Amino acid sequence: MSELPRYFLGFDSSTQSFKATIVDEGLKVVYERAVNFDADLPEFKTQGGVHRHADGLTVTSPTILWVAALDLLLERMRGDGAPLAQVRAISGSGQQHGSVWLNNKAQGALRGLAAGRTLREQLVGIFSVADSPIWMDSSTGEQCAALEKALGGAQRVAELTGSRATERFTGNQIAKIHQTQPQAYEATARIALVSSFMASLLIGDFAPIDASDGAGMNLMDLRLKKWASEALPATAPELERRLGAIVASHTDVGPLHDYFVKRHGFAANCRVVAFSGDNPCSLAGLRLAEAGDLAISLGTSDTLFGTLTEPKPSASEGHMFASPVDPDGYMAMICRKNGSLTREAVRDRAAGGSWETFNTMLAQTPPGNNGRIGIYVREAEITPPIQRTGEYRFNGAGRAVGSFSNVEEVRAVLESQFMSMRLHGQNVGLKPARLIATGGASVNPALLRVAADVFGTPVYVAGKADSASLGAAYRALHGFRCREVGRVVPFQLVFANATPFRKAVDPDAAAHGVYTELLARFEEVERALAGGGAG
Ligand code: XUL
């Protein structure tokens, strides 16, 4: 009897869309598909997948939207003839930090899912808070200050949990809900992350939080990978029972619920591996195994991350997470909120909405923009923390100016984004030997040229596939192998035969020198803005 090929499925529940990637055992991508929240599920009236509230700080997504997206994507996959019956394990990625609030009917409803009705119909009543706070939310300044005060300062919180008290981190969002909606908190049986919630749908039960995404909550002891006993009571009462367990990221969390077997055509022996955060999953998808391999992910948010054997928590910036592929390892990351949407706003204004025009214009100014520095804060920035939105421009002599010409403007936006990532990456121990670019904007060669010159390293590209859902598929295979042999298999063995990444561009030494010289002044300008000055 010839054996059928075995496939591994990764989902990515991101800010703007829900995606699926299927790989074979040789890690070849055999299928990809996505659902876009705004376009495909317009009844939820999201913009970029989210609802921005009138206070300018609160950002949420309707949780049931993600539930509807799962059924819709699976219907499309089935319609395409995707090999769902041969998928042996599923894992997934979720936008980090977002929380899902489940009431005391949730577990029963998940367990009892019936194949004759949609997930949305059966699960619409399981939420104690209908709108999930997501990572773009920056409304918890008060709660962050309180946590740092209770635990003995920012450095202490960073040492314990991997990051200083951070507004979008789940614990501070939980504190806010407990304070502003005490009845909803009381009615909550389980608080899940986006990642563990999507896994919960698949297993039809509460799924545990994995240590890598769990580190993005300001609630987990980073080194012990257990809930930090001091952080919980400083956040909200009776929290531990509402959070459930933390597991290592490669853990098998159960069989796929019968709903998906009967309704969507999966095999009954398909397993589910713990879901994790999108940045951890991208680290897996980009196969970051060597020290010095750094990923630069250019999406709604821009992130820079890599692996570390020892965490270096910093009170002022960046985040340390548990590694999603090595139960003893760590990952360091910085996240900039002003990513794609900010680049696109400048492109629309200065280059008539065309990337082609933008790239042509970029070639008309020299690296370093003759000393001009522009800082574009379309949204309150995370790294460095700049609350006041606005655009800040300085000429070559360091004087604040009101505007740049269009050609100067397109260069300024890119250079400031990459210089900021170089600077803050350095501060959290990330030393680049090569950059692996991913995310929507990584297809733009002109942009990668600026990245290579700013960092002074070659830039590789990871190919077409979305690295978070691809990484989730790799993690499904990794978790499956670990379960098969009953111990942790080194992640490197999983991707040993995969095709190497393509080098897109080498750095230009002279241009790199220009950026290195400019960096000190850039740092000063940024620091003044983060401190509330300038502009
Ligand atoms: C990371 C962060 C974002 C989200 C959404 O800390 O907030 O990168 O994970 O992509």
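Remember, predicted model here, so these are calculated numbers, not experimental data. Just so you know, ligand 1 is whichever comes first in the structure, and atom 1 is the first atom listed for that ligand.
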Arg168 neighbourhood, listing ligand 1 atoms whose heavy-atom distance to it stays under 4.0 Å: 1 (C), 2 (C), 6 (O), 7 (O)
Worked check of ring-ring contact (aromatic ring centres under 6.0 Å, His included) between Phe37 and Phe44: CA-CA 8 Å; Phe37 298 145; Phe44 295 100; 8.9 Å; no
Just one of Thr15, Thr60, Asp38 clears the side chain to side chain donor-acceptor pair (under 3.5 Å) bar with Thr46, so which one? Asp38
Using distance alone, decide if ligand 1 has a nitrogen or oxygen within less than 3.5 Å of any nitrogen or oxygen in Asp278. yes
Do the numbers put Arg475 on top of the ring of Phe275, so that NZ or CZ is under 6.0 Å from the six-membered ring centre and no more than 45° off the axis? no
Mind checking whether Gln96 has an N or O less than 3.5 Å away from an N or O of ligand 1? yes
Closest to atom 1 (C) of ligand 1 (judged by heavy-atom distance), picking from Asn279, Thr300, Asp302: Asn279
Enumerated ligand 1 atoms positioned under 4.0 Å from heavy atoms of Thr303: 8 (O)
With a cutoff of 4.0 Å, is Cys335 in contact with ligand 1, counting heavy atoms of the residue only? yes
Between Tyr185 and Arg242, is there a cation-pi geometry (under 6.0 Å to ring centre, at most 45° from the normal)? yes
Against heavy atoms of Met333, which atoms of ligand 1 measure under 4.0 Å? 1 (C), 6 (O)
For Met136, is the nearest heavy atom under 4.0 Å from an atom of ligand 1? no
Note the single closest protein heavy atom to atom 3 (C) of ligand 1, along with its residue, its atom name and the distance in Å. Ser301 OG, 3.6 Å
Nearest-neighbour protein heavy atom for atom 6 (O) of ligand 1, which is reported as residue plus atom name and distance: His97 NE2, 2.6 Å
Among Val461, Leu294, Asp293, which residue satisfies the side-chain contact (heavy atoms from CB on, under 4.5 Å) criterion with Leu435? Leu294
May I ask you to establish whether Arg422 and Tyr515 are in a cation-pi arrangement, using a distance under 6.0 Å from NZ or CZ to the six-membered ring centre and at most 45° from the ring axis? no
Mind checking whether Phe418 and Phe455 have parallel, tilted or perpendicular rings, split at 30° and 60°? perpendicular
